[in-house]
Number of protein chains: 2
Amino acid sequence: MSEPTDTPRPVPPSITAAWIGLMRAQRIVLAAIEADLKAAGLPPLGWYDVLLELARATEGRLRPFEIEKRTLLTQYNLSRLIDRLEGKGLVQKELSGEDGRGRWVVITQDGRAMQARMWTVYSRALSDHVGRKLDESSADALAGLLAKLTD
Amino acid sequence: MSEPTDTPRPVPPSITAAWIGLMRAQRIVLAAIEADLKAAGLPPLGWYDVLLELARATEGRLRPFEIEKRTLLTQYNLSRLIDRLEGKGLVQKELSGEDGRGRWVVITQDGRAMQARMWTVYSRALSDHVGRKLDESSADALAGLLAKLTD
DNA sequence: AGCGGGTACATGCTATTGCATCTATGTCGC
DNA sequence: GCGACATAGATGCAATAGCATGTACCCGCT
């Protein structure tokens, strides 16, 4: 009998190439975009993700666990990110009436303004670092292949 | 005159979809692989990357700046990661003779053993979380599209 | 009403990351 | 050989991430 966990799997080169490419591409493009935001004196991308979800939500409010699902942030990191956003006046926390355990996170006017300001830089960065590299049909194909990975 | 930095760019949906897919896929697959390593009581993937580069290098030794280029780690993070690896006896640091500023990082026998042990788990995780989701021609196509992003 | 188990969120502690800067050495031009 | 600048690597400190656990509440069952 063999002991499967003690024996390396043969992994096809195309699979490892895809994985390494995925790691490299994400890191390089993310670093470039974060650098553009920082150069503009703006906060990191994680802040944008939360602000955008709130800005899109009805009445600009969501429960933390809803933000968590949408953004893939962990519970504890989100909890503290919300504190930072609140500290800068970009969101407010309110107690939830219906569910005594819950809070509402509500985006403020400053929060909406920040989201818009970040988008001006972010959209340009996306154009530069993604749009310039891929035509639309390539981008569609890429999105489709990536989606297979997350099912 | 318009002020380009104050105006959001229109970004084609296919481009944003590709970018969001890239972030999501990388995070989800990476988290799954890291979870497998942790479940096996093994260190994180960053350790593997360094150990593999060293194991492949002639005489099992590289200069930190060479590792830096190959792995995309930042200089300061790598410096401390090497300290951690040394603390566990997986690498050794030696002073470089030719270049008085430099050090050599040399993989130990324990380091090679750890790299091999991690590969048994990592290769299985890659098969599970990437190989199972993509056939080889899709993987090739994905790798090719991702490569366009990093030029 | 009271118990058991689950969900929502917060938090103390430790580990890692990021940033700025420091030390030491190398290189080039004079 | 000396000054000016670049490169290799380390490190103090502040910020963030990860982990474990805590608190408060909800729900279903008896």
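Numbered from 1 within each chain, the chains take letters A, B, ... in sequence-line order.
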Look at [X] and [N] and indicate whether a side-chain polar atom (N or O) is within less than 4.0 Å of OP1 or OP2.
X: B/K93; N: D/dA10; value: yes
X: B/N77; N: C/dT16; value: no
X: B/S79; N: D/dA10; value: yes
X: B/R84; N: C/dA15; value: no

Quiz item: Within the structure shown, what part of the strands sits under 4.0 Å from A/R103 by heavy-atom distance: base, sugar-phosphate, or nothing?
Solution: sugar-phosphate
For [X] and [N], give me the distance from atom [atom1] to atom [atom2], rounded to whole Å.
X: A/D83; N: D/dA15; atom1: CG; atom2: C1'; result: 14 Å
X: B/L45; N: C/dT17; atom1: CG; atom2: P; result: 12 Å
X: B/L78; N: C/dG18; atom1: CG; atom2: P; result: 13 Å
X: A/E66; N: C/dT7; atom1: CD; atom2: P; result: 16 Å
X: B/E68; N: C/dT17; atom1: CD; atom2: P; result: 14 Å
X: B/W47; N: C/dA15; atom1: CH2; atom2: P; result: 12 Å
X: A/W104; N: C/dC9; atom1: CH2; atom2: P; result: 10 Å
X: B/Q75; N: C/dT23; atom1: CD; atom2: P; result: 16 Å

Quiz item: So which nucleotide from C/dT25, C/dA20, C/dT11 ends up closest to the side chain of B/Y76?
Solution: C/dA20
Quiz item: Partners of A/L30 by side-chain contact (heavy atoms from CB on, under 4.5 Å), sequence neighbours excluded?
Solution: A/Q26, A/E34, A/L45, B/W19, B/M23
Self-check item: Check: C/dG18 base within 3.5 Å donor-acceptor of B/R80 side chain
Solution: yes
Report whether [X] and [Y] are members of the same hydrophobic cluster (ILVMFWY, side-chain heavy atoms less than 4.5 Å apart, transitive linking).
X: B/L134; Y: B/I28; answer: no
X: A/W104; Y: A/L51; answer: no
X: B/M114; Y: B/V106; answer: no

Quiz prompt | Residue pairs fulfilling ring-ring contact (aromatic ring centres under 6.0 Å, His included) with at least one residue in residues 34-60 of chain B, sequence neighbours excluded | solution = B/Y48-B/Y122
Measure all distances between protein nitrogen or oxygen atoms and nitrogen or oxygen atoms of nucleotides 3-6 of chain C, and list the pairs falling under 3.5 Å.
residue, atom, partner, partner atom, Å
C/dG6, N2, A/R101, NH1, 3.3

Quiz item: Hey, which of these two, A/L81 or A/E98, hits DNA chain D nearer its 5' end, going by closest nucleotide?
Solution: A/L81
Quiz item: For A/T74 and A/D99, take the nucleotide of DNA chain D holding the closest heavy atom to each; which residue's nucleotide lies nearer the 5' end?
Solution: A/T74
Quiz prompt | Residue pair B/D135 / B/S137, side-chain donor-acceptor N/O under 3.5 Å | solution = yes
Quiz prompt | Heavy-atom pair of closest approach, residues B/Q115 and B/L52 | solution = NE2-CD1, 3.7 Å
